[in-house]
*Asks:* 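Below you will find the structure I want to go over with you.
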Amino acid sequence: MAAYEYDITVIGGGPGGYVAALKAAVEGRRVCIVEKGSLGGVCLNEGCIPTKTLIRTANLLHEIKRAGDFGLEGVDAGAVTVSMPKLQERKAQVVRRLVGGVRSLLRGRGVTLVEGAASFVDAHSIDAGGKRITSEYIIIATGSRALIPSFIKTEGKNRILTSREALELDALPSSMAVIGGGVVGVEFAYLFNKLGCKVTVIELMEHLLPMVDEEVSGLARKRLEKEGVVVHTGAKVRLVKDNSVFFEKGGAETSVAAECVLSAVGRTPDTEGLKAAEIGIVFDRGAVMTDESLRTNIPNIFAVGDVNGRSMLAHTASHEGLLAVEAICGGTGKMDYGKIPSCIYLEPEIACIGLTEKQARERHKNVKVGRFPMAANGKSLVEGDTEGMVKVIVEGELSEILGVHIYAVHATDLIAEIALALTTEATAEEIIRTVHPHPTISEAVPEAFMAALGKAVHCT
Ligand code: NAI
């Protein structure tokens, strides 16, 4: 057997890569991780964490404006302004702290960090910033980058931002046109609207957030509109001329002028400079093709996270990272992409898992749907936001949980219970039999399942 310098080398230090490296070290392997940018990847540096940090301030501002509703007097909400430079400073601090945490975890576990861009030389060796590294196994975790699709033409002098640039703004634009009403488009629309910018969202499909159950995304749309966001759905953007976005809607051409344009029409796997195709790795529509154990067509090479194009979420990437290392160590675990929760950070939050009602009805004959309105949940009333619901979709005969869609305060924390239920194949009855603490938002979950089975207690 050839002697390799490392047992496992990971390319990319995002939530897929650094978790894989740590897990490999925990398993006693000699591990190297190569990173060309900042550890933590998109998630820590220009995605999940910075966005949520900015959204935290937007939510706080909103709460201050409502201070009177909570019995506080003397708060001059009109005098409160947002300092974008200070907000950026806080964001940078949060990011620095987390990136530093990843670095010390890797160091603590004895993982070798090589800073530089990696490219394949052959199936067992890579070049990283001029240094040759040999490894028995290699895990590709190079992530994705924002996509500005070629079907959107540009003319004149544009100011088109991707989410990356939008997170760096140190002056608030007076208006923004957002192309795409997926997760990025909607979260940024929510954020900038709350901070005081006039936002218009233009989405191709008939519904915002096409992956979310229509009933739930419809509620979120209404709330966004009530708060001042202008939403166009069924609208296809063709051209950005200067900072006006031209789109086709119902057969007519319309346009929206804004100070800047945010392009939020998806992301594409990032394998630039990796030379993966050159050593024979097979791609599918730009993504590295993997099996359910995250193995590519070359048996000692794995791919985890956005680069495999399966589910572009940080928690998927980390889970795939763990599973890939387990597979290398002889494990037989497989990814189940139907059981991955999705979280959208609005107010209230959206969290969902499994099938939408529409998908469930297409695939199953006997579908039962239960809803519990948050207006009937005591803790929501205490929190001061009673909008939304827990919607559950159950297979009628076996009480199998098919999907859960939550639009409620703290929804993103509630969905983990359902993820566990799906993993352990718990039924609706088992959730109902589980004692949920009072007063909590979580009480709405068993109530919705009771409603699905026609046994609602706290709602009619
Ligand atoms: P996306 O694919 O979720 O949404 C893009 C949207 O643009 C779609 O709704 C699509 O219909 C629309 N679109 C495409 N062409 C258009 C056109 N010509 N005119 C108007 N609309 C058009 O992509 P997004 O939102 O950029 O997110 C990228 C990835 O990052 C996703 O996988 C997402 O799940 C992930 N992400 C997750 C977050 C979270 O979990 N909270 C936050 C941000 C991103």
Side-chain angles (χ1 to χ4, degrees), residues 14-16 41-56 143-154 160-167 177-191 200-212 214 217 220-221 230-240 245-250 253-256 261-270 285-287 305-319 337 340-347 349-353 406 411-413 415 419:
V42 169
C43 170
L44 259 60
N45 296 285
E46 54 192 64
C48 322
I49 296 295
T51 334
K52 274 71 220 178
T53 308
L54 300 190
I55 287 177
R56 171 78 183 98
S144 64
R145 60 190 148 78
L147 169 83
I148 301 191
S150 55
F151 58 77
I152 299 178
K153 305 283 173 228
T154 54
I160 305 180
L161 316 172
T162 62
S163 56
R164 181 185 189 155
E165 289 103 31
L167 280 171
V178 178
I179 309 178
V183 187
V184 170
V186 166
E187 281 190 352
F188 275 83
Y190 168 79
L191 166 68
T200 305
V201 180
I202 308 138
E203 163 58 40
L204 178 68
M205 310 299 279
E206 290 304 324
H207 299 272
L208 282 186
L209 302 169
M211 72 300 277
V212 177
E214 284 172 16
S217 65
R221 173 182 181 157
V230 176
V231 178
H232 295 280
T233 48
K236 186 169 188 174
V237 173
R238 292 195 182 283
L239 171 72
V240 182
V245 178
F246 289 80
F247 56 96
E248 211 181 275
K249 186 179 170 178
E253 184 154 89
T254 318
S255 70
V256 173
V261 177
L262 174 71
S263 171
V265 286
R267 301 184 62 86
T268 186
D270 192 357
R285 280 161 288 167
D306 290 9
V307 75
N308 68 30
R310 301 265 198 148
S311 144
M312 290 191 173
L313 296 168
H315 44 272
T316 305
S318 299
H319 199 75
Y337 292 96
I340 296 173
S342 254
C343 297
I344 305 166
Y345 293 79
L346 311 176
E347 202 184 55
E349 295 174 339
I350 297 178
C352 47
I353 191 163
I406 308 177
T412 60
D413 294 309
I415 203 71

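Being a predicted model, the structure only gives us computed values, none of them experimental. Just follow the structure's listing: the first ligand is 1, and inside any ligand the first atom is 1.
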*Asks:* Apply salt bridge (Lys or Arg N to Asp or Glu O under 4.0 Å) to R267 and list each qualifying residue two or more places apart in sequence or on a separate chain.
*Replies:*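 If we apply the salt bridge (Lys or Arg N to Asp or Glu O under 4.0 Å) test to R267, skipping adjacent residues, there are no hits.
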*Asks:* Can you name the side-chain hydrogen bond (donor to acceptor under 3.5 Å, both in side chains) partners of H315, sequence neighbours left out?
*Replies:*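 Applying side-chain hydrogen bond (donor to acceptor under 3.5 Å, both in side chains) to H315 gives none.
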*Asks:* For E165 and T162, does a side-chain donor sit closer than 3.5 Å to a side-chain acceptor?
*Replies:*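 Yes, because at least one side-chain N or O of E165 sits under 3.5 Å from a partner of the opposite role on T162.
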*Asks:* Quick check for students: name every N or O atom pair between ligand 1 and the protein closer than 3.5 Å, with distances.
*Replies:*
from     : atom 1 : to   : atom 2 : distance (Å)
ligand 1 : 9 (O)  : E203 : OE1    : 2.7
ligand 1 : 9 (O)  : E203 : OE2    : 3.1
ligand 1 : 11 (O) : E203 : OE2    : 2.6
ligand 1 : 18 (N) : V237 : O      : 3.2
ligand 1 : 19 (N) : V237 : N      : 3.0
ligand 1 : 21 (N) : L204 : N      : 3.1
ligand 1 : 23 (O) : G266 : N      : 3.4
ligand 1 : 25 (O) : V183 : N      : 3.3
ligand 1 : 25 (O) : V184 : N      : 2.9
ligand 1 : 26 (O) : G266 : N      : 3.0
ligand 1 : 40 (O) : C343 : O      : 3.3
ligand 1 : 41 (N) : E187 : OE2    : 3.1
ligand 1 : 41 (N) : C343 : O      : 2.7

*Asks:* Under 3.5 Å, side chain of E248 to main-chain N/O of K236, donor-acceptor pair present?
*Replies:*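 A pair under 3.5 Å: no.
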*Asks:* Looking at K249, E206, R221, which hits side chain to side chain donor-acceptor pair (under 3.5 Å) with T233?
*Replies:*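 Checked K249, E206, R221 against T233; only one passes side chain to side chain donor-acceptor pair (under 3.5 Å): R221.
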*Asks:* Not counting sequence neighbours, which residues clear ring pair (Phe, Tyr, Trp, His ring centres under 6.0 Å) with F188? List them please.
*Replies:*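 For F188 there are no ring pair (Phe, Tyr, Trp, His ring centres under 6.0 Å) partners, ignoring immediate neighbours.
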